[in-house]
K.L.:
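Below you will find the structure I want to go over with you.
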Amino acid sequence: MAEKLKLVAPVDGQCVDLAQVPDDTFSAKVLGDGVAFVYDGDTVYAPAAGEITLVAETNHAVAIHTTGGLDLLLHVGLDTVNLGGKGLEMLVKMGQQVKVGTPLIRIDRAFMKKQGVNLITPMVLTNGDEVNFTVTGVGSSVKQGQTTVVEYEATEEAAPAAATVDTGSKYQKLCETIIENVGGKSNVISVTHCVTRLRFKLQDESKANTQVLTNTKGVIQVIQTGGQYQVVIGPQVDEVYKVLMEIGGFSAVDPGDVEQKKDESGEKQGLVSRFLVLMTGIFQPLLSMLMAGGMIKALLVLLTTVMGVVDTDSGTYTILYSMGDALFYFFPIAIGWSAARKFGLKEIYGIVLGGVLVYPDLVAITAGESLYTVFAGTIFESEVYTTFLGIPVIFPAVGYTSSVIPIIVIVWVASLLFKWLNKHLPSMLRSFFTPFLTLLVAAPIGLLVIGPIAMLLQGFLTGFMSWIVNLNAGIAGLIIGTFWSLLVMCGLHMPVIIMCNLNIATYGYDIIHPLFFTGAIASVGACIGVLIRTKDAEERSQIIPSAISSFFGINEPTLYAVLFPRKKLMYGTFLSAGIGSMICGFCGSKLYSFGASGILGLPCYINPEGIDFGFIALCIATVVSFVLAMICGLIWGGKKDSEGLNIDMSL
């Protein structure tokens with residue numbers, strides 16, 4: 001029977017699941033299983049006896065081959081490679097024998113705080129598939145050198161993870177393949193490496209062949225983020241890097257210099273860019289299903305409106321509609337799951353919090369009699385249908401189905417609360433009271449504070465739209481048309497749709513709806529421009545279904561997959577839609593009935609007495625928006641922004 005050995009905590013603090021590390025390489029266990037640590041100390045110690053097999057040049061990571069045959073990697077913080085060794089002191093060297101408690105890396109906490117570095121430290125078992133092990137420490141407070149976090153069986157057969165790829169000629173072939181598929185030597189601006197990845201700065205990321213690289217033996221994964229094209233190799237990356245530099249003739253670059261140049265060039269963007277990156281990251285895992293749902297909805301429009309082969313009262317229609325609309329309807333649940341991953345919270349928390357927002361009894365609550373009205377006589381007037389502990393709860397008229405922003409903010413608040421509770425609750429109470437208190441506090445905050453704030457914003461926007469339309473419909477068209485997609489993304493558009501319905505019921509027509517009709521058509525133009533510009537097959541496979549969905553009025557796939565990762569194109573497309581909407585406003589275009597979305601909805605704008613100038617203007621505006629957005633796609637659609645997140649449809 002194999003001898004039982006253990007890894008002890010390398011720090012004093014909290015032992016957490018790898019899934020809580022906000023870096024896909026670790027959270028998805030690309031390099032292997034293990035644990036991570038959140039702590040306040042300034043030194044990381046050896047968790048077991050063994051030999052140092054890797055020391056990062058930038059001092060942020062170290063690998064140990066234990067006496068029991070286990071290979072482990074300790075990685076201090078996130079993106080600390082970009083510091084170029086600053087704020088970190090390596091206390092060991094290659095080949096050194098260490099024992100439990102040997103100091104490995106010293107951290108300058110004051111420097112790290114100033115740099116805003118997240119110092120969560122993963123400990124990954126890079127050859128865990130060759131060793132029988134059990135993770136024991138997750139979710140508990142740990143003491144350096146004392147608390148067992150992993151138990152494993154000693155094995156003589158286990159080899160260091162560096163053996164994944166042989167040295168010599170195989171490294172040469174691997175490096176030649178990598179260089180070829182990042183677009184060739186001329187496409188490489190610079191290349192650095194951390195303890196597991198080659199980090200390329202490329203002239204044009206669209207020239208890289210991600211699919212080939214991902215399937216290349218010796219490459220674990222390809223990650224595109226933060227303006228870097230990262231090829232994950234594993235602990236042997238240092239040897240691969242040396243061969244790569246020799247074959248490619250690249251000059252060595254200090255990672256800190258690369259980061260400094262990025263700062264000086266202005267690539268490190270502010271609030272808007274961070275917001276776009278956050279939203280793209282949250283929607284990234286949802287895009288494939290978002291596109292599938294959009295395509296099914298488009299197919300349903302064809303089957304019912306154009307071909308007339310499916311009756312809207314039939315079971316076929318109901319089932320197809322539920323397939324296409326499920327993700328859109330239950331957006332808070334899906335986004336809650338993805339946002340939880342993004343904020344380092346367990347996914348089930350996001351799922352449950354999203355489920356609270358769309359719980360059937362809460363969705364149906366506005367169908368009953370209201371208890372009373374708050375903010376009466378103002379644009380924020382709202383009906384109160386129920387209370388919580390005597391506090392009025394303000395619900396949207398249509399509930400939180402299809403909403404986006406409220407659940408993201410709620411999950412963010414829950415993540416902060418979860419981490420605080422995990423840090424301060426005694427370990428014996430943590431497993432029960434952390435989820436209990438997180439849900440008990442975050443859900444009411446969402447329903448009593450975050451949701452109603454979104455409602456107040458809706459009231460303000462509705463009042464502003466009414467005012468600006470009455471002031472000048474053309475100017476209103478420019479403003480509303482330009483920002484409409486963002487309102488939809490934030491879930492603030494439903495009161496406007498309701499207002500359009502009321503206008504048709506009262507006056508027989510509505511002048512607001514034409515002011516955002518051109519948005520989806522502009523998105524189609526942008527997609528076509530990008531399709532013409534890009535030659536990347538994988539990219540085109542994402543754009544085509546997005547364009548089809550937008551053609552039929554389902555604009556979310558284009559918004560998240562095509563526009564958000566290209567900031568200039570997004571601005572240009574929004575403005576193109578605004579220009580078309582301005583034409584509609586100045587020319588008095590009107591909606592006379594609700595029908596199909598997208599281009600198939602054009603007949604709804606025809607005056608019952610016959611085609612008038614308003615309808616002709618709407619058609620002209622549609623063409624103008626389409627052409628302008630397509631030109632924007634041709635100009636700015638060649639590649640995604642360096643700070644944006646590239647979309648991986650395999651998720």
Side-chain angles (χ1 to χ4, degrees), residues 294 297-298 301 305-306 461-462 465-466 468-469 472-489 492-505 507-528 546-559 563 570 572-608 611-630 632:
K297 280 191 164 187
V301 171
T305 305
V306 179
L461 289 169
T462 303
M465 285 186 182
S466 297
I468 195 71
V469 168
N472 187 291
I475 295 175
L478 179 62
I479 297 173
I480 295 173
T482 299
F483 293 101
W484 181 253
S485 291
L486 290 180
L487 295 183
V488 173
M489 184 274 298
L492 300 175
H493 64 298
M494 285 310 299
V496 181
I497 302 298
I498 294 172
M499 187 192 308
C500 295
N501 273 292
L502 292 174
N503 287 340
I504 292 175
Y507 307 110
Y509 62 85
D510 170 65
I511 64 173
I512 298 178
H513 202 279
L515 304 184
F516 50 82
F517 172 77
T518 59
I521 308 305
S523 293
V524 176
C527 287
I528 291 177
S546 298
I548 294 174
S549 297
S550 291
F551 182 83
F552 290 102
I554 300 98
N555 209 30
E556 286 86 350
T558 297
L559 186 66
L563 299 184
M570 181 186 73
T573 304
F574 288 174
L575 184 58
S576 298
I579 292 172
S581 298
M582 180 177 63
I583 295 172
C584 293
F586 278 128
C587 297
S589 300
K590 298 179 178 67
L591 175 73
Y592 293 93
S593 64
F594 276 91
S597 299
I599 200 70
L600 296 182
L602 272 175
C604 300
Y605 297 85
I606 299 176
N607 191 320
I611 293 176
D612 56 14
F613 182 68
F615 177 74
I616 295 173
L618 182 77
C619 294
I620 294 173
T622 301
V623 174
V624 169
S625 293
F626 174 86
V627 172
L628 289 177
M630 184 173 68
C632 291

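Everything numeric in this text was worked out from a predicted model, so none of it was measured.
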K.L.:
What distance do Cys604 atom SG and Ile504 atom CD1 have between them, rounded to the nearest 0.5 Å?
P.N.:
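The distance works out to 8.5 Å.
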K.L.:
How long is the gap from OG on Ser625 to CE on Met582, to the nearest 0.5 Å?
P.N.:
9.5 Å
K.L.:
Taking everything shown except Tyr592 itself, do over 12 heavy atoms lie less than 6.0 Å from its OH?
P.N.:
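Yes, enclosed.
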K.L.:
Looking only at heavy atoms, which two atoms of Ile475 and Phe586 are closest? And how far apart?
P.N.:
N-CZ, 4.2 Å
K.L.:
Which heavy atom of Ile599 sits nearest a heavy atom of Phe551, and at what distance?
P.N.:
CG2-CZ, 2.9 Å
K.L.:
Give the intermediate values and the outcome of side chain to side chain contact (heavy atoms under 4.5 Å, CB included) for residues Phe517 and Thr622.
P.N.:
CA-CA 8 Å; Phe517 172 77; Thr622 301; 3.4 Å; yes
K.L.:
Once you round to the nearest 0.5 Å, how far does OG of Ser581 lie from CG of Leu575?
P.N.:
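These two atoms lie 10.5 Å from each other.
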K.L.:
Which distance, rounded to the nearest 0.5 Å, do you find between the CG of Leu515 and the CD1 of Ile480?
P.N.:
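Here the rounded value is 5.0 Å.
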K.L.:
Search all heavy atoms of Met570 against all heavy atoms of Leu563 and return the closest pair with its distance.
P.N.:
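Reported closest heavy-atom pair: CB-O, 3.5 Å.
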K.L.:
To the nearest 0.5 Å, how far apart are CD1 in Ile479 and CG in Asn472?
P.N.:
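Atom-to-atom, Ile479:CD1 and Asn472:CG are 9.5 Å apart.
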K.L.:
Quick one: closest heavy-atom pair of Phe626 and Ile521, and the distance?
P.N.:
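Shortest heavy-atom separation between Phe626 and Ile521 comes out as CD1-O, 3.7 Å.
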K.L.:
Of all the heavy-atom pairs spanning Ala577 and Gly481, show the shortest one and how long it is.
P.N.:
CB-O, 3.7 Å
K.L.:
Start with the C-alpha distance between Ile511 and Asn503, add both sets of side-chain angles, then the distance that settles side chain to side chain contact (heavy atoms under 4.5 Å, CB included), and finish with yes or no.
P.N.:
CA-CA 8 Å; Ile511 64 173; Asn503 287 340; 5.9 Å; no
K.L.:
What are the two closest non-hydrogen atoms of Pro514 and Tyr605, and how far apart are they?
P.N.:
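Nearest pair, atom of Pro514 first, then Tyr605: CG-CE2, 3.8 Å.
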K.L.:
Give the ring-plane orientation class for Trp484 versus Phe516, where under 30° counts as parallel, over 60° as perpendicular and anything between as tilted.
P.N.:
parallel
K.L.:
Quick check for you: to the nearest 0.5 Å, what is the distance between Ile583 atom CD1 and Thr518 atom OG1?
P.N.:
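That separation rounds to 8.5 Å.
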K.L.:
Is it the case that the side chain of Thr558 and the backbone of Ser546 share a donor-acceptor pair, with hydrogens and angles ignored and the cut-off at 3.5 Å?
P.N.:
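Yes, because the side chain of Thr558 sits within donor-acceptor range (under 3.5 Å) of the backbone of Ser546.
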